[in-house]
Amino acid sequence: MTIGSALKQLRTKLGLTQAEMAAGIISVSFYSKVERDIHDIGTTELIELLNQHNIDVTTFFTTYISPKSKPDTDILEQINTAYERGDKKELLKIQTKLNALPKDHVTEYYRLQLRLYLDVYLPRAKKIPLDLKMKLKEYVFRNDNWDVYSLQTFRETMRIYHLDELSFLVNAILVKYPDPNKLTTMLAENVGAICVNYLDNCYEYNAPELISRPLNYLQRLPYHKEILLVKILGNYYQAVFAKDRAKCAQILQVLKDAGCHDLIKVLPRL
């Protein structure tokens, strides 16, 4: 895949226009020609453009430019489809394919996701196996530059950490991404969801002294449709900690009307 087609695929995934992707670093006209492989983009401009959108340069090249060293781009969709069908044999086939690939940051993320499906989600296990728990922690701590892969892994496995570990990691993430309005929608949604999960842990451990920073961050999230649920949940936890029963009931009704019944079951109640 060329750099131009890779940038186009990434831009589409992020839901950005060409003007938003160019971000004033290069002209929209020039960027459009880069996507169509009419012009080449310089290394400096490419790195600056990727940094502008909080995209790790190494991840960009291993994910989009070097197909021989990465799994299929729709691997998560394959895993989700097999899981929804309860097809363990298909999940094991995907696992065999992943195990044959060179080990890198991206393929390791897919392997860990697949282990979660096989060992936790599919059998509805109450606990994550100890060896998997250690691998998940190792992955997050080793890749604490907090790209989309480590953020997603951390977001889905926050229950394996003690509250003091969570506080350290969440603060590290908020230091790296201090302004949610400068993030891509995907990154903002991930960081916002991490704040929501952290607030849930603070409620469980009765630690209201730790909630101000994540609550403030959630309030500053932009109003995009992909982030709407995260913002609603942020408002719900704010009401929970403020012991505002009326507000909690109002938000629960909104979620109920939207059909979020499984989500409602796991939310704390006053």
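All heavy atoms count here, side chains included; hydrogens, waters and symmetry mates do not.
- The shortest non-hydrogen separation linking Met21 to His53 is O-NE2, 3.0 Å.
- If you check the side chains of Arg85 and Thr81, you find no donor sitting under 3.5 Å from an acceptor.
- Follow the hydrophobic side-chain contacts under 4.5 Å out from Leu163 and you reach Phe241 in the same cluster.
- Of all heavy-atom pairs spanning Leu98 and Arg111, the tightest one is O-NH2, 2.8 Å.
- Hydrophobic clustering of Ile, Leu, Val, Met, Phe, Trp and Tyr side chains at less than 4.5 Å, counting indirect connections, keeps Val28 apart from Ile25.
- Gln78 and Lys97 are linked by a side-chain donor-acceptor pair at a separation below 3.5 angstrom, with hydrogens and angles left out of the test.
- Nearest approach of Ala22 to Tyr31, heavy atoms of both residues: CB-CB, 4.0 Å.
- Of the inter-residue distances, the one linking Tyr121 atom OH with Asn80 atom CG reads 10.0 Å to the nearest 0.5 angstrom.
- With rounding to the nearest 0.5 angstrom, the OG atom of Ser167 is 12.5 Å from the NE2 atom of His162.
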TODO: Tell me, with the steps shown, if Met158 and Val170 meet side-chain contact (heavy atoms from CB on, under 4.5 Å).
DONE: CA-CA 10 Å; Met158 290 174 70; Val170 170; 4.2 Å; yes
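- Taking SG of Cys195 as the reference point, atom CD of Gln219 lies at 11.0 Å (rounded to 0.5 Å).
- Separation of the Tyr161 and Phe154 ring centroids falls under the 6.0 Å cut-off.
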TODO: Would you check, one step at a time, whether the test side-chain contact (heavy atoms from CB on, under 4.5 Å) holds for Ile173 with Ile194?
DONE: CA-CA 9 Å; Ile173 292 168; Ile194 285 169; 4.0 Å; yes
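- The number of heavy-atom neighbours closer than 6.0 Å to NZ of Lys247, taken from other residues, nucleotides and ligands shown, is 12 or below.
- Checked by atom type and distance alone, the side chain of Thr12 pairs as donor or acceptor with a backbone atom of Lys8 at under 3.5 Å.
- Note: the hydrophobic cluster containing Val266 also contains Val120 (ILVMFWY, side chain heavy atoms under 4.5 Å, direct or indirect links).
- When all heavy atoms of Ile227 and Ala188 are compared, the pair lying nearest together is CD1-CB, 3.7 Å.
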- [ ] Starting from the C-alpha separation in whole Å, work towards a yes-or-no answer on salt bridge (Lys or Arg N to Asp or Glu O under 4.0 Å) for Lys135 and Glu108.
- [x] CA-CA 10 Å; Lys135 287 180 179 179; Glu108 189 174 2; over 6 Å; no
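- Taken to the nearest 0.5 Å, the CG atom of Leu132 stands 6.5 Å off from the CG atom of Leu112.
- Grouping the Ile, Leu, Val, Met, Phe, Trp and Tyr side chains by contacts below 4.5 angstrom, directly or via other members, places Leu263 with Ile251.
- With contacts defined as side-chain heavy-atom distances shorter than 4.5 Å, the pair His39/Ile26 does not qualify.
- Checking side-chain atoms of Gln152 against main-chain N and O of Tyr149 turns up no donor-acceptor pair under 3.5 Å.
- Between the side chain of Glu156 and the backbone N or O of Thr153, no donor-acceptor pair lies under 3.5 Å.
- For the residue pair Gln253 and Asp257, a side-chain donor N or O sits within less than 3.5 Å of a side-chain acceptor on the partner.
- In summary, the side chains of Ser150 and Tyr109 do not present any donor paired with an acceptor at a separation below 3.5 Å, with no hydrogens or angles considered.
- Between Leu92 and Leu118 the shortest side-chain heavy-atom distance falls below 4.5 Å.
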Open item on the list: If you apply the rule side-chain contact (heavy atoms from CB on, under 4.5 Å), what do you find for Arg115 with Ile128, and how did you get there?
Closed with: CA-CA 10 Å; Arg115 281 276 324 261; Ile128 298 176; over 6 Å; no
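- Considering only heavy atoms from C-beta on, Leu14 stays 4.5 Å or farther from Thr185 through its side chain.
- Listed for the Asp37 side chain is no donor-acceptor partner under 3.5 Å among the backbone atoms of Lys33.
- For the atom pair CZ (Arg213) and CG (Leu199), the distance works out to 13.0 Å, reported to the nearest 0.5 Å.
- Salt-bridge annotation for Glu189 and Lys225: absent, with no side-chain N of the basic residue lying under 4.0 Å from a carboxylate O of the acidic one.
- A single hydrophobic cluster is seen to contain both Ile160 and Phe141, as judged by linkage of ILVMFWY side chains at heavy-atom distances under 4.5 Å, directly or through other members.
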Task: Verdict with reasoning, Arg155 to Asn197, per side chain to side chain donor-acceptor pair (under 3.5 Å) - done: CA-CA 7 Å; Arg155 168 185 177 175; Asn197 291 346; over 6 Å; no
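- Judged by distance alone, with hydrogens and angles left aside, the side-chain atoms of Asn181 form a donor-acceptor pair with the main-chain N or O of Arg220 at under 3.5 Å.
- Gln113 is not listed as a side-chain neighbour of Ile75, based on a closest heavy-atom distance of 4.5 Å or more.
- Nearest heavy-atom pair, Leu91 versus Tyr83, reported as atom, atom and distance to 0.1 Å: CD2-N, 4.3 Å.
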Task: Derivation and outcome, side-chain contact (heavy atoms from CB on, under 4.5 Å), residues Leu210 and Tyr198 - done: CA-CA 9 Å; Leu210 301 176; Tyr198 179 64; 3.5 Å; yes
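- Between Asp119 and Lys133 there is no salt bridge, since no side-chain N of the basic residue sits under 4.0 Å from a carboxylate O of the acidic one.
- Leu116 is listed as a side-chain neighbour of Thr157, based on a closest heavy-atom distance under 4.5 Å.
- When atom types are taken as modelled, the side chain of Asn51 and the backbone of Ile47 share a donor-acceptor pair closer than 3.5 angstrom.
- A donor-acceptor pair under 3.5 Å links the side-chain atoms of Tyr177 to the main chain of Trp146, judged by distance alone.
- The backbone N or O of Leu16 lies less than 3.5 Å from a partner atom in the side chain of Arg11, making a donor-acceptor pair.
- Lys231 contributes a side-chain N or O that, together with a main-chain N or O of Leu221, makes up a donor-acceptor pair within less than 3.5 Å.
- Checking side-chain atoms of Tyr236 against main-chain N and O of Pro268 turns up a donor-acceptor pair under 3.5 Å.
- For the pair Cys202 and Ile211, the tightest heavy-atom approach, listed with the atom from each and the gap, is CB-CG2, 3.9 Å.
- Using a 4.5 Å heavy-atom cutoff, the side chains of Leu229 and Leu255 are in contact.
- Taking CD1 from Ile79 and CD from Glu77, the interatomic distance works out to 11.0 Å, rounded to the nearest 0.5 Å.
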